[in-house]
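Let me begin by presenting the structure, written as structure tokens, before commenting on it.
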Amino acid sequence: MPELPEVETTRRGIEPHLLGRVARGLIVREARLRWPIGAEVAAGLTGLPIKAVRRRAKYLLLDNDRGAAILHLGMSGSLRVLDQQVLLRKHDHYDLLLDDDRLLRFNDPRRFGSLLWQAAGDVHPLLAELGPEPFDPGFDGAYLHARAHARSAPVKHFLMDQHIVVGVGNIYAAEALFRAGIDPRRAAGRVSRARYQRLADAVRMILGHSIARGGTTLRDFLRPDGEPGYFEQELLVYGRAGQPCRVCATPVQSVRLGQRASFYCPRCQH
DNA sequence: CATCGGACCTGTTAGC
DNA sequence: TGCTAACAGGTCCGAT
């Protein structure tokens, strides 16, 4: 589910409910997420006000004076701010209790999500090696071209590598490569600087546009307010195998690149 | 180092 | 209608 636009949509949805609220405690019903939820998370959060709700890559960070909780939604996770009375559903793994009698509830069927703690002054190893945000000024064609030097892996892999640039997952990689006219199978090291500039622009445009639409709803993604995202209606190639390209009407092709479905137009992308 | 495959999970869907 | 296999938005880790 969640790539950068969905995580950012979630951040914007929960931020007004969390900012300035004192965390009263953490109820963990299922600690076995991507990594087990440790006791340090509750200890770090409890008793202090939340000073910021940030996003870095696909991670959400809840800051207080002791440090930050690091939340990841994995493939199937979602967060909602609820009244305590609301009935528990399957896969509701933790609740962060707030001082206004509401709570932040995490649901995640596949349990690829995570909840970690980072002490003030520390940088968690998972965050330390991340590439630039797509909206950072340093993310451009020259940067991508330099990082791709001599790489033989498909450009789609390269674009989805969070050490290169963060936030681009399987859906938006397909969409950005389509907009840039680049075949997802092409070796990353064999894409020109000019085409990488188109790609960087396409990534920013698509992510920004999707955020404005509230993210993409495939299957079960819902925003924290329970509404779906609307970007799905604007996908040009993702999930459209066999259907006509919206630009040239050539049937959209599907290939598997490293265990993952990739969609592209054989006429528009080279 | 870069690259590949496996691993972690459950739910939904496609195919027989 | 039921059973099974394949596949799904992420990404770490170990082997090569």
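Because the structure is a prediction, the values reported are computed rather than measured.
Partners of A:R12 under the side chain to side chain donor-acceptor pair (under 3.5 Å) rule, at least two apart in sequence or in another chain, are A:E8. For the salt bridge (Lys or Arg N to Asp or Glu O under 4.0 Å) test, no residue two or more places apart in sequence or in another chain qualifies with A:E40. Annotation: side chain to side chain donor-acceptor pair (under 3.5 Å) contacts of A:Y264 (sequence neighbours excluded): A:R185. In terms of the side chain to side chain donor-acceptor pair (under 3.5 Å) criterion, residue partners of A:R54 (sequence neighbours excluded) are, by chain and number, A:D63. Residues satisfying the side chain to side chain donor-acceptor pair (under 3.5 Å) test with A:R195, not counting sequence neighbours, are none. With sequence neighbours excluded, the residues that form a ring pair (Phe, Tyr, Trp, His ring centres under 6.0 Å) with A:Y172 are A:F231.
Nucleotides B:dC9 and C:dC3 place their P atoms 26 Å apart, quoted to the nearest Å. One C1' atom belongs to B:dT3, the other to C:dG9, and the distance between them is 23 Å to the nearest Å. Remark: the separation of the P atoms in C:dT1 and B:dG11 is 22 Å, to the nearest Å.
Residue A:D108 contributes atom CG, which lies 11 Å from atom P of B:dG11 at whole-angstrom precision. For the pair A:F106 CZ and B:dT10 P, the computed distance is 14 Å after rounding to whole Å. Taking atom CZ on A:F112 and atom P on B:dC9, their separation rounds to 8 Å, with Å as the unit. Atom NZ of A:K156 is separated from atom P of C:dG10 by 9 Å (rounded to the nearest Å). For the pair A:E3 CD and C:dA8 P, the computed distance is 13 Å after rounding to whole Å. If you measure from atom CE of A:M75 to atom P of C:dG10, you get 6 Å, rounded to the nearest angstrom. In this structure, the OH atom of A:Y238 is 13 Å from the P atom of C:dC7, given to the nearest Å. The separation between A:L73 atom CG and C:dA8 atom C1' is 16 Å, rounded to whole Å.
Here salt bridge (Lys or Arg N to Asp or Glu O under 4.0 Å) pairs that include residues 151-170 of chain A, with residues two or more places apart or in two chains, are A:R151-A:D161.
A:R111 has no side-chain polar atom (N or O) that falls below the 4.0 Å cut-off from OP1 or OP2 of B:dC8. Within the structure, every side-chain polar atom (N or O) of A:K90 is placed at least 4.0 Å from both OP1 and OP2 of B:dT10.
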Could you go through nucleotides 3-6 of chain B and list every protein N or O atom that sits under 3.5 Å from one of its N or O atoms, giving the distance for each pair?
residue	atom	partner	partner atom	Å
B:dT3	OP1	A:S152	N	3.0
B:dT3	OP1	A:S152	OG	3.2
B:dT3	OP1	A:A153	N	2.9

Identify all pairs in which a protein N or O lies below 3.5 Å from an N or O of nucleotides 11-13 of chain C, and state each distance.
residue	atom	partner	partner atom	Å
C:dT11	OP1	A:H72	NE2	2.7
C:dT11	OP2	A:K58	NZ	2.8
C:dT11	O2	A:R34	NH2	3.1
C:dC12	OP1	A:Y59	OH	3.4
C:dC12	O4'	A:R34	NH2	2.5

Anything under 3.5 Å between a donor and an acceptor, one on a side chain of residues 118-144 of chain A, the other on a protein residue two or more places apart or in another chain? List them.
residue	atom	partner	partner atom	Å
A:Q118	OE1	A:H124	N	2.8
A:H124	ND1	A:L126	N	3.0
A:E133	OE1	A:R55	NH1	2.9
A:E133	OE1	A:R55	NH2	3.2
A:E133	OE2	A:R56	NH1	2.9
A:E133	OE2	A:A57	N	2.7
A:D136	OD2	A:E133	N	3.1
A:D140	OD1	A:A142	N	3.2
A:D140	OD1	A:Y143	N	2.9
A:Y143	OH	A:R147	NH1	3.0
A:Y143	OH	A:I164	O	2.6

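Clustering of Ile, Leu, Val, Met, Phe, Trp and Tyr by side-chain heavy atoms under 4.5 Å joins A:L48 with none of the others.
A side-chain donor from one of A:R102 and A:H17 sits under 3.5 Å from a side-chain acceptor of the other. Between the side chains of A:S78 and A:N107, not a single donor N or O lies within less than 3.5 Å of an accepting N or O.
For A:P109, whose side chain is taken as the heavy atoms from C-beta onward, the closest listed nucleotide among B:dG11, C:dA8, B:dC9 is B:dG11.
Distance CG/A:L45 to CD1/A:I50: 6.5 Å, rounded to 0.5 Å.
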Dot-bracket encoding per residue of DNA chain B, Watson-Crick/G-U cut-off under 3.5 Å, | denoting interstrand
.|||||||.|||||||
